[in-house]
*Asks:* 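What follows is a structure written as structure tokens; I'll ask about it next.
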Protein chains: 2
Amino acid sequence: MAVVLRPAQAIKLVHDFSLALVRDGEPDLSSRQIAILLTIYLEPPPHHVRDLARKLGVTKPVITRALDSMGKLDLVSRRRDERDRRDVVIQRTVKGALAVERIGDLLAEQAQQLPP
Amino acid sequence: MAVVLRPAQAIKLVHDFSLALVRDGEPDLSSRQIAILLTIYLEPPPHHVRDLARKLGVTKPVITRALDSMGKLDLVSRRRDERDRRDVVIQRTVKGALAVERIGDLLAEQAQQLPP
DNA sequence: CCCGTTTAATACGGCCCCGAAACGAGTTTG
DNA sequence: CAAACTCGTTTCGGGGCCGTATTAAACGGG
């Protein structure tokens with residue numbers, strides 16, 4: 001059963017969700033960072049910088065920098081691939097998994113509270 | 001009828017939506033800017049800087065700067081309130097209304113395509 | 001074994017945003 | 001009317017992200 005959402009409901013949902021993100025004071029993730037983070041947690045590993053850059057349609061430095069900043073927040077981690085040491089494998093963290101869950105719960109809750 | 005959205009579906013929805021925002025290349029709005037823009041278009045006027053700052057839980061300069069940048073994109077406009085010239089009234093624009101509609105349509109479409 | 005290719009990271013110059021504090025104009029109050 | 005208050009903006013010092021171009025390390029075919 002597909003999720004049915006009228007455009008007017010969708011607008012309110014985006015509004016409530018953005019507002020919740022802003023108000024909860026957590027470090028602000030950009031759209032890019034959210035897309036990267038959720039890709040890492042939704043799609044099966046392994047993840048490499050080049051794949052993420054291609055999937056998001058951005059340049060590789062964008063991914064490197066996003067991993068730098070999200071790494072500082074302990075939302076993802078990196079390690080060299082020993083089989084091909086040019087590669088970097090991006091890994092999940094406990095804190096990142098919790099952050100992803102929080103995002104899902106937050107949106108599901110906002111959707112639940114939408115007026116008909 | 002409330003919108004029913006399981007957390008796992010919500011995560012995928014946020015992912016697809018963020019990805020669509022990143023990929024379409026339009027000037028990137030931050031969470032704050034999206035929250036401000038949608039508040040202006042969802043809630044009844046008049047809107048003042050102080051109200052938006054209070055509703056979003058941010059300082060007034062944040063609102064001023066967001067209005068500056070969104071004004072440059074012609075998504076909102078401002079004028080002095082002649083009845084109390086300290087006040088600034090924030091107004092909608094045609095381009096802003098279209099951008100809001102686009103956001104709603106984008107999310108509704110992503111929701112429609114969610115697997116059950 | 002060398003040289004072209006691939007990979008991620010870094011350097012660069014530019015632009016935008018942050019919160020706190022100070023500011024200028026306008027209004028209200030005593 | 002002068003002092004206090006309100007409102008939005010600007011200033012200040014600091015930080016982050018952007019894309020392009022370049023770099024350094026590692027791989028691999030000839």
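So that the names make sense, note that chain A is the first sequence line, chain B the second, and so on, each numbered from 1.
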*Asks:* Expressed as a whole number of angstroms, how long is the span from B/Arg80:CZ to D/dC7:P?
*Replies:* 12 Å

*Asks:* Under 4.0 Å from a heavy atom of chain A: give me the 5'-most and 3'-most nucleotides of DNA chain C that qualify.
*Replies:* C/dT6 to C/dA11

*Asks:* For the side chain to side chain contact (heavy atoms under 4.5 Å, CB included) test, which of A/Val100, A/Leu42, A/Leu67, A/Leu73 pairs with A/Leu37?
*Replies:* A/Val100

*Asks:* Quick one: side chain to side chain donor-acceptor pair (under 3.5 Å) partners of B/Arg78, sequence neighbours excluded?
*Replies:* B/Asp68

*Asks:* Do A/His15 and B/Thr39 pair up side chain to side chain, a donor and an acceptor below 3.5 Å, judged on atom types alone?
*Replies:* yes

*Asks:* Would you please name every residue forming a side chain to side chain donor-acceptor pair (under 3.5 Å) with A/Gln33, sequence neighbours left out?
*Replies:* A/Ser69

*Asks:* For DNA chain D, which residues of residues 36-60 of chain B approach it to below 4.0 angstrom with any heavy atom?
*Replies:* B/His48, B/Val49, B/Arg50, B/Lys60

*Asks:* Quick check: are there more than 12 heavy atoms from other residues, nucleotides or ligands sitting under 6.0 Å from CZ of B/Arg83?
*Replies:* no

*Asks:* Holding to side chain to side chain donor-acceptor pair (under 3.5 Å), I want the full list of residues that pass it with A/Ser31, two or more places apart in sequence or in another chain.
*Replies:* none

*Asks:* If you link I, L, V, M, F, W and Y whenever their side-chain heavy atoms are under 4.5 Å apart, who else ends up in the same group as A/Leu98?
*Replies:* A/Val94

*Asks:* What is the separation between atom CG on B/Leu67 and atom C1' on D/dT10, rounded to the nearest whole Å?
*Replies:* 15 Å

*Asks:* Suppose we screen for side chain to side chain donor-acceptor pair (under 3.5 Å). Which residues come up paired with A/Arg54, at least two apart in sequence or across chains?
*Replies:* A/Asp51

*Asks:* Can you name the one residue among A/Val62, A/Thr64, A/Val58, A/Ile36 that meets side chain to side chain contact (heavy atoms under 4.5 Å, CB included) with A/Leu52?
*Replies:* A/Ile36

*Asks:* Output one line per pair: protein atom, nucleotide atom from nucleotides 11-16 of chain D, and distance, for all N/O pairs under 3.5 Å.
*Replies:*
none

*Asks:* What's the CD1-P distance between B/Ile63 and D/dT9, to the nearest Å?
*Replies:* 10 Å

*Asks:* Encode nucleotides 25-30 of chain D as B, S and - characters from 5' to 3', where the letter depends on protein heavy atoms closer than 4.0 Å: B to the base, S only to sugar-phosphate, - to neither.
*Replies:* -BS---

*Asks:* I'd like to check the salt bridge (charged side-chain N to carboxylate O under 4.0 Å, His left out) partners of A/Arg85; sequence neighbours left out, ordered by chain and number.
*Replies:* A/Glu82

*Asks:* A/Asp105: which residues meet the salt bridge (charged side-chain N to carboxylate O under 4.0 Å, His left out) condition with it, sequence neighbours left out?
*Replies:* none

*Asks:* Can any side-chain N or O of B/Gln113 pair as donor or acceptor with the backbone N or O of B/Gln110 at less than 3.5 Å?
*Replies:* no

*Asks:* Which other residues end up in the same hydrophobic cluster as A/Val89, if Ile, Leu, Val, Met, Phe, Trp and Tyr are linked when side-chain heavy atoms come under 4.5 Å apart?
*Replies:* none

